[in-house]
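Residues take their numbers from the sequence shown, with the count starting at 1.
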Amino acid sequence: MDGGGAAELREAHRLTGHSDRVWSLAWNPFTGSGAGPVLASCGGDKAVRIWKRSPDGAWHCSDVLEDTHNRTVRSCAWSPDGKLLATASFDSTTAIWEYSGGDFECVATLEGHENEVKSVSWSSSGSLLATCSRDKTVWIWEMQPGNEYECVAVLQGHTQDVKMVQWHPFLDVLVSVSYDNSIKVWADDGDDEWHCVQTLTEADNCGHSSTVWALSFNKKGDRMVTCSDDRTLKIWDTSADLSQPKTGDDHESWRHLSTLTGYHGRTIFSAHLSSEDIIASGAGDDTICLFTEVEGPSYRLILKKEKAHDMDINCVRWCPQDPRMLASASDDGTVKLWELRGNALD
C-alpha cells in the first residue's frame with residue numbers, strides 16, 4: 001500500500017503495442033446502455049490504438065489507426081457523443097476519424113498550423129474543435145455538414161509554444177496553457193469574435209513560474225487544476241458567470257485557490273480531475289499522485305505511487321464509466337490501467 005492510509009492503486013492491466021513513447025490518452029465519453037469503456041492512445045510511433053474490454057474482463061487492441069499522420073501523434077480526443085475521434089500530430093495536421101461499419105475512417109484532415117499540433121479538444125456541444133501548436137496560436141474550428149471544418153478564429157496571445165487546450169465542460173469557454181508560463185481563458189463576445197478574457201500568470205494571479213503543461217476541469221466546471229514544469233499543481237476556482245464574459249480589465253473569473261508542491265521531484269506533465277473530484281497527477285519522476293479536497297479549502301495527498309512506470313508519465317485520465325479506474329501513459333511505451341481501492345475519500 002502506497003501512502004495515504006486506506007487508499008491503494010493497483011495495476012489491473014498493462015496494455016502493450018506502441019513501439020515508441022505514448023503521449024496521450026482519451027476515454028470515449030459515451031456511457032449509454034451496455035457501453036463498455038473504450039480507450040484511445042497515441043504516441044511517437046505515429047499510430048493511434050483503440051482499446052476495449054472483453055466480456056471476460058481482459059483488454060485488447062481492437063483497432064490501429066495509422067498511415068495518416070507521418071510524425072508523432074501528440075493528442076487525441078473523442079467528440080462528446082463518442083462517434084468521432086480527433087488526433088493532433090507533429091506533422092502540423094489534425095485528423096478526424098469516424099467509426100462506421102466496424103472500421104475507423106479518416107473523414108477530414110485539418111491543415112493550417114505552421115508546425116507541430118500539440119493538443120485537440122471538442123466543445124461540449126461537439127460543434128467546435130480547438131487545436132494549439134508550437135506556432136503559438138490556438139485555432140477554433142466549426143463543424144460543417146459533410147465532414148467539413150471551417151476555421152472561425154485564430155487566437156494569438158501566447159508568446160511561446162501552446163501545450164494544451166481544453167473546453168469548459170458545458171460552456172463555450174476555452175482555456176489554453178503554454179511554454180510562456182501562462183494560462184489563458186478565451187470566450188466569444190456574442191458576435192462570433194473570440195477574445196482572451198483572462199490571463200493567469202505568476203505575477204498577478206499566483207500562477208506558475210515555468211511551462212504549464214496541462215489542465216483539467218471538474219465536472220461542475222467551477223474548479224480547474226493546472227500542472228507545470230515548476231513541479232506544482234495549482235487549483236483554480238470561479239464564482240463568476242462564465243457564460244457572460246467581459247472583455248475589460250475587470251474580468252477576473254478564475255482565482256487561485258491552492259498550490260500543491262513538494263509531491264513530485266520532476267516536471268508534472270499531466271493532471272486530471274475525476275467525477276469524484278480526485279486529482280491524479282503524473283510526472284517525469286515516474287510517479288502518480290492522488291489528491292482529494294479537505295476543508296479549508298485545501299487538498300491532501302491520499303496516495304503516492306512510486307515507479308508507476310519505468311519512465312516519464314505523460315498522461316493520466318480517469319474513466320468516465322468507472323470513476324475508480326485510472327489510465328496512465330508513459331515514455332516506456334505502455335499504457336496501464338489502475339484500480340483505486342479503499343476508502344480514498346474518507
Side-chain angles (χ1 to χ4, degrees), residues 7-18 22-43 47-65 73 75-87 96-104 119-122 124 126 166-167 169-170 214 216-219 270-282 288 290 303 305 308-309 313-330 333-342 344-345:
E8 178 190 5
L9 197 62
R10 187 182 74 86
E11 182 182 323
H13 302 279
R14 186 176 305 194
L15 311 181
T16 59
H18 282 287
V22 187
W23 273 114
S24 182
L25 300 167
W27 289 102
N28 191 308
F30 183 69
T31 55
S33 176
V38 175
L39 181 68
S41 62
C42 61
V48 181
R49 301 180 82 90
I50 309 298
W51 308 90
K52 295 180 180 179
R53 187 166 61 190
S54 305
D56 64 0
W59 284 78
H60 67 283
C61 178
S62 63
D63 299 272
V64 180
L65 284 49
V73 185
S75 173
C76 55
W78 296 95
S79 60
D81 62 7
K83 294 180 179 178
L84 298 172
L85 180 68
T87 57
I96 310 296
W97 304 81
E98 184 175 27
Y99 186 71
S100 62
D103 289 305
F104 281 89
S119 175
V120 59
S121 176
W122 297 87
S124 60
Q166 187 68 42
W167 289 98
F170 50 84
S216 174
F217 291 100
N218 67 345
K219 196 173 182 179
S270 184
H272 197 241
L273 270 155
S274 76
S275 59
E276 298 180 328
D277 290 334
I278 300 173
I279 298 171
S281 59
I288 294 173
L290 302 183
L303 187 148
K305 187 74 175 179
H309 282 270
I313 298 170
N314 297 314
C315 188
V316 286
R317 290 289 182 270
W318 293 103
C319 177
Q321 293 88 353
D322 182 353
R324 296 294 177 95
M325 182 189 294
L326 179 72
S328 60
S330 170
T334 69
V335 175
K336 291 188 179 184
L337 302 181
W338 307 86
E339 290 178 358
L340 176 59
R341 296 181 169 186
L345 299 177

Exam field: side chain [X] to backbone [Y], donor-acceptor pair closer than 3.5 Å:
X	Y	answer
K336	E11	no
S270	V316	yes
Q166	A214	no
S216	L273	yes
N28	G82	yes

Can you list the steps and then say if R324 with E276 is a side chain to side chain contact (heavy atoms under 4.5 Å, CB included)? CA-CA 9 Å; R324 296 294 177 95; E276 298 180 328; 2.6 Å; yes
Who passes side chain to side chain donor-acceptor pair (under 3.5 Å) against [X], sequence neighbours left out?
X	result
S100	none
D322	none
W51	S41
S121	none

Minimum heavy-atom distance [X]-[Y], with the two atoms named:
X	Y	result
A308	I313	CB-CD1, 3.9 Å
L340	L290	CD1-CD1, 3.7 Å
H18	G333	CB-O, 3.7 Å
G17	R49	O-NH1, 3.4 Å

For a side-chain contact (heavy atoms from CB on, under 4.5 Å) with K219, tell me which candidate from P323, S275, S274, P169 qualifies.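 Single side-chain contact (heavy atoms from CB on, under 4.5 Å) partner of K219 among P323, S275, S274, P169: S275.
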Measuring from [X]:[atom1] to [Y]:[atom2], what's the distance to the nearest 0.5 Å?
X	Y	atom1	atom2	answer
H60	L15	NE2	CG	11.0 Å
F217	W167	CZ	CH2	10.5 Å
C315	L25	SG	CG	4.0 Å
S62	R53	OG	CZ	14.0 Å
L85	L65	CG	CG	6.5 Å
H272	C319	NE2	SG	10.5 Å

Who are the ring-ring contact (aromatic ring centres under 6.0 Å, His included) partners of W97, not counting sequence neighbours?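 Per chain and number, W97 pairs via ring-ring contact (aromatic ring centres under 6.0 Å, His included) with no residue.
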Give the C-alpha distance, both sets of side-chain angles, the deciding distance and a yes or no for side chain to side chain contact (heavy atoms under 4.5 Å, CB included) between L326 and I278. CA-CA 11 Å; L326 179 72; I278 300 173; over 6 Å; no
Among all residues two or more places apart in sequence or in another chain, which pass the side-chain contact (heavy atoms from CB on, under 4.5 Å) test with [X]?
X	answer
D103	none
A77	V120, W122
S281	L233, H264, I268, C289, F291
S330	H309, M311, D332

Report yes if some heavy atom in the side chain of S24 is under 4.5 Å from a heavy atom in the side chain of C42; otherwise report no.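 Of all side-chain heavy-atom pairs linking C42 with S24, at least one is under 4.5 Å.
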Go through the steps to decide whether W78 and V38 satisfy the test side chain to side chain contact (heavy atoms under 4.5 Å, CB included), and finish with yes or no. CA-CA 10 Å; W78 296 95; V38 175; 4.1 Å; yes
Take the angle between the ring planes of W59 and W27 and call it parallel below 30°, perpendicular above 60°, tilted in between.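 Aromatic pair W59/W27 classed perpendicular.
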I'd like to check the salt bridge (Lys or Arg N to Asp or Glu O under 4.0 Å) partners of E339; sequence neighbours left out, ordered by chain and number.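 Salt bridge (Lys or Arg N to Asp or Glu O under 4.0 Å) list for E339, sorted by chain: R10, R341.
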